[in-house]
Structures are given as structure tokens and as C-alpha cells.
Asker: 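For reference, the structure I am asking about is given below.
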Amino acid sequence: MGAAGSKLEKALGDQFPEGERYFGLENFGNTCYCNSVLQALYFCVPFREQLLEYYGNNKSIGDVEENLLTCLADLFSQISTQKKKTGVIAPKRFVQRLRKQNELFRGYMHQDAHEFLNFLLNELVDILEKEAQTEKTDQEMSPPSEKAANGPKNGLANGAKKEHLVTWVHKNFQGILTNETRCLQCETVTARDETFLDLSLDIEQNSSITSCLKNFSSTEMLNAQDKFFCDKCCSLQEAQKRMKIKKPPHILVIHLKRFKYMEQLGRLKKLSYRVVFPLELKLSNTVENADIEYSLFAVVVHVGSGPNHGHYISLVKSHNHWLFFDDENIEMIEESAVQTFFGSAQEYSSNTDHGYILFYESLGLGDKK
């Protein structure tokens, strides 16, 4: 990509960000689903910084067992330490590890970028939790003198709940939803919390992210066959149910459900609906009803008319410039070009490049990029 790389350097000129690297990723046979998500994660600056910090703390340990986390950290470190400002890197070790770990990604078939992102983030969390558990066990097994040197441990009282470990992956991506159910007989509200790393939203034609989020949190009636068992009434009752965001994440990942199973077709169909996603998003369906402001910094785009074939690319905002990543190729694009990926207002359109996964960063936490 020498020519393309130098073209990008020329386009940025003396505005090329100090210390930044823009590298395309080689495709190993339909690995665009992986490349597009990796680019979005690389330009998720808080995540990248914490991953590189993890790499710095662990690379001195020679016998660390290879896993997806070490392979990802190694790849990000390779990119960030390149002498050249632009170029192409082959994420071979990462892709090999991914295929070894999960048979879903083993073949050369078209894969789903959202399934990959979901698998990757959960896998990173699992690895970090196991490492923390091993470290804790090692400390508990160490001799008394060593324990004293390491300071007192926070022992749990009998019957106390063990705190769930919050990793740096959680700190970036995890939010909390609360599922509220109000019994219409006694008015008692039952709330159940659940965590999420991304939000999957149903979409409609000619809609927006704001309207999709409103639908996500709209009130649903539970009646007839779906009545709710109220503990206070000790019986099945009609109820109202709604989902609200109790704790918004620092990085809000929104997955647009563009692939829908159509019973009459007996298969998945791609919904090319036009869904407007703003550059600045106000998240209003929170428990506190406080508007949380987010800024868009990456979009994974699905190119193609169907779910089982096509291509993935990513749009990334870095230092106030928008870049277009297509495997090995990188180009600068105007901010206004982002709206060409909203989707199609008509069902049959020649435009098949549609925003699929959106990455927003909270403006309340951290600076604008």
C-alpha cells in the first residue's frame, strides 16, 4: 500500500497527528469482519491505551500463555510502534488464534462483525478475570511473611457476597440496564438490573438512532398469556414493562439489527433501512433522565445486499479527521460522507453500504477526539 499510504500522508500533510499510525490490515480470506472491528477498537483511544499498558506490564513475563488478549495487545503494539506513519500490517497471529479458539470463525465463509465483536470482548473479559483470580490465589498461597509485606487483604465477612471483578474492558464498554415491571393491580414496581457491552436495536425504515432508542425503552403491556407473577399480589397480574439505561457506558456500542429472519422466506434478510445516526448523540432514556452526550468515533459498515455474503469496512474519526478503512486501503473522507452510510430510503437501491455497528464515546468522560 505504498502509494495509498503516501497519498494519505500527502492528504494530511503537516496536519498528520503526532505519534499516530494509520495501518491497513491484510485480509486472510473473508476476514474483513475482523479487520473492520479491529480498526474501530484501535481508534477507541481509552481501550487502546489500556491494552498497550497491559502489554507493557506483561511482555517481560516470558512464559505468558498465548491467548486472544496477548495476540490483540501484540498487534496493537506492532501498529503503534511502526517507524512509518502509514502502511499495511498482517494480523496473522491474531486471526490464527481466533480460528483456533472458535470454530465459528475457522472457515473462509462470510462472518458477522457483531458476533465477532461480542465474542472478542467477552473473551477478553474472561481472560482478565482468570488472570486476576490466579493472581489472588498466588497471593493467598504465598508465605505469611510475603503476605505481610504485600499488606493486609480485604477479607470477606461470612456470608458476604464476593465483589464481581470490574476489568478495564468493563470500565470502557459496560453499562447497566434496569428492567422495570409495574403491577397494574398493586402498583408495585419490580426492578431487575442486567449488564451490557453493546445495545442491539430493532430498526425501522426512515428512522433515527434516537427513535430506535425510544422504542427500546418503550412501555410494553403484559397481559393475556403474558401476565406477570406479582410477588406482592401472589398471583398473575397485568403489568407494564420497560427497559431503561441505569448506568450509561463510557463507550456506547450500538448494533443495528439489519439481519432479520423472514418466516415466509425461511431465511435471514438484510434490512437496508435508512437509519440516521448523528455525530453527536444525546442519550435521554436513562433512569436519571439526564441527557448524556456522546460523540461518534467509528462505524462498521456492511456492504452487500444479503447476510451471507458481502464485505465490511470501517469509518473512523481520529484527531478530527474521518478515515475510511477497507482492509489494506485507507483514505481520508469528508465528515459529510458519513451520512451516505445511513441506509436506503427505498427498498431496492444500488446503495448497499449501510452502518451496522456504531461506536460512541461519552463526552462527559474524556476529551473529544
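Quick caveat: nothing in here was measured; it's all calculated off a predicted structure.
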Asker: Check whether any side-chain N or O of E115 sits under 3.5 Å from a backbone N or O of Q111 as a donor-acceptor pair, and report yes or no.
Answerer: no
Asker: Please collect all salt bridge (Lys or Arg N to Asp or Glu O under 4.0 Å) contacts where either partner lies in residues 38-50, sequence neighbours excluded, each pair once.
Answerer: E20-R48
Asker: Going by side chain to side chain donor-acceptor pair (under 3.5 Å), name the pairs with one or both residues in residues 27-43, residues two or more places apart or in two chains.
Answerer: N27-T31, N27-D327, N35-D327
Asker: Sequence neighbours left out, what passes side-chain hydrogen bond (donor to acceptor under 3.5 Å, both in side chains) with D326? Give chain and number order.
Answerer: H311
Asker: Can I get a per-line list of side-chain donor-acceptor pairs under 3.5 Å for residues 212-234, giving both atom names and the distance, sequence neighbours left out?
Answerer:
unit_1, atom_1, unit_2, atom_2, d
S217, OG, M243, O, 2.7
S217, OG, N285, ND2, 2.7
S218, OG, N215, O, 2.8

Asker: Report the relative orientation of the aromatic rings in F105 and F116; use parallel for angles under 30°, tilted for 30 to 60°, perpendicular for over 60°.
Answerer: perpendicular
Asker: Who pairs with K247 by side-chain hydrogen bond (donor to acceptor under 3.5 Å, both in side chains), at least two apart in sequence or on another chain?
Answerer: none
Asker: Which pairs would a plain distance check flag for residues 260-277, meaning a side-chain donor or acceptor within less than 3.5 Å of a matching protein atom at least two apart in sequence or in another chain?
Answerer:
unit_1, atom_1, unit_2, atom_2, d
K269, NZ, E347, OE2, 2.6
K270, NZ, H302, O, 3.2
K270, NZ, H302, ND1, 2.9
K270, NZ, G304, O, 2.8
K270, NZ, T352, O, 3.2
K270, NZ, H354, ND1, 2.9

Asker: Test of understanding: with side-chain hydrogen bond (donor to acceptor under 3.5 Å, both in side chains), list the residues that count as partners of S235, not counting sequence neighbours.
Answerer: Q237
Asker: If you compare all heavy atoms of N351 against all heavy atoms of G343, which two are closest, and at what distance to 0.1 Å?
Answerer: ND2-O, 4.0 Å
Asker: Just by modelled atom types, is the N118 backbone N or O under 3.5 Å from a matching donor or acceptor in the N122 side chain?
Answerer: yes
Asker: Which pairs count as salt bridge (Lys or Arg N to Asp or Glu O under 4.0 Å) when at least one residue sits in residues 96-105, sequence neighbours excluded?
Answerer: E66-R97
Asker: Charged N to carboxylate O under 4.0 angstrom, K7 versus E9?
Answerer: no
Asker: Is it true that F76 and F23 have ring centroids separated by less than 6.0 Å?
Answerer: no
Asker: Would you list the pairs meeting salt bridge (Lys or Arg N to Asp or Glu O under 4.0 Å) in which at least one residue belongs to residues 304-314, sequence neighbours left out?
Answerer: none
Asker: If the condition is side chain to side chain contact (heavy atoms under 4.5 Å, CB included), which residues does K92 pass it with, not counting sequence neighbours?
Answerer: F28, Q96
Asker: Considering residues at least two apart in sequence or located in another chain, which fulfil the side chain to side chain contact (heavy atoms under 4.5 Å, CB included) criterion with K130?
Answerer: none
Asker: If you look at every heavy atom in A345 and N206, which pair is closest and at what distance?
Answerer: CB-OD1, 3.7 Å
Asker: Suppose we screen for side-chain hydrogen bond (donor to acceptor under 3.5 Å, both in side chains). Which residues come up paired with S77, at least two apart in sequence or across chains?
Answerer: none
Asker: Measuring centre to centre across the rings, with the benzene-like ring taken for any Trp, is Y312 within less than 6.0 Å of F325?
Answerer: no
Asker: Return the minimal non-hydrogen interatomic distance between S200 and H255, and the atom names on each side.
Answerer: OG-ND1, 2.7 Å
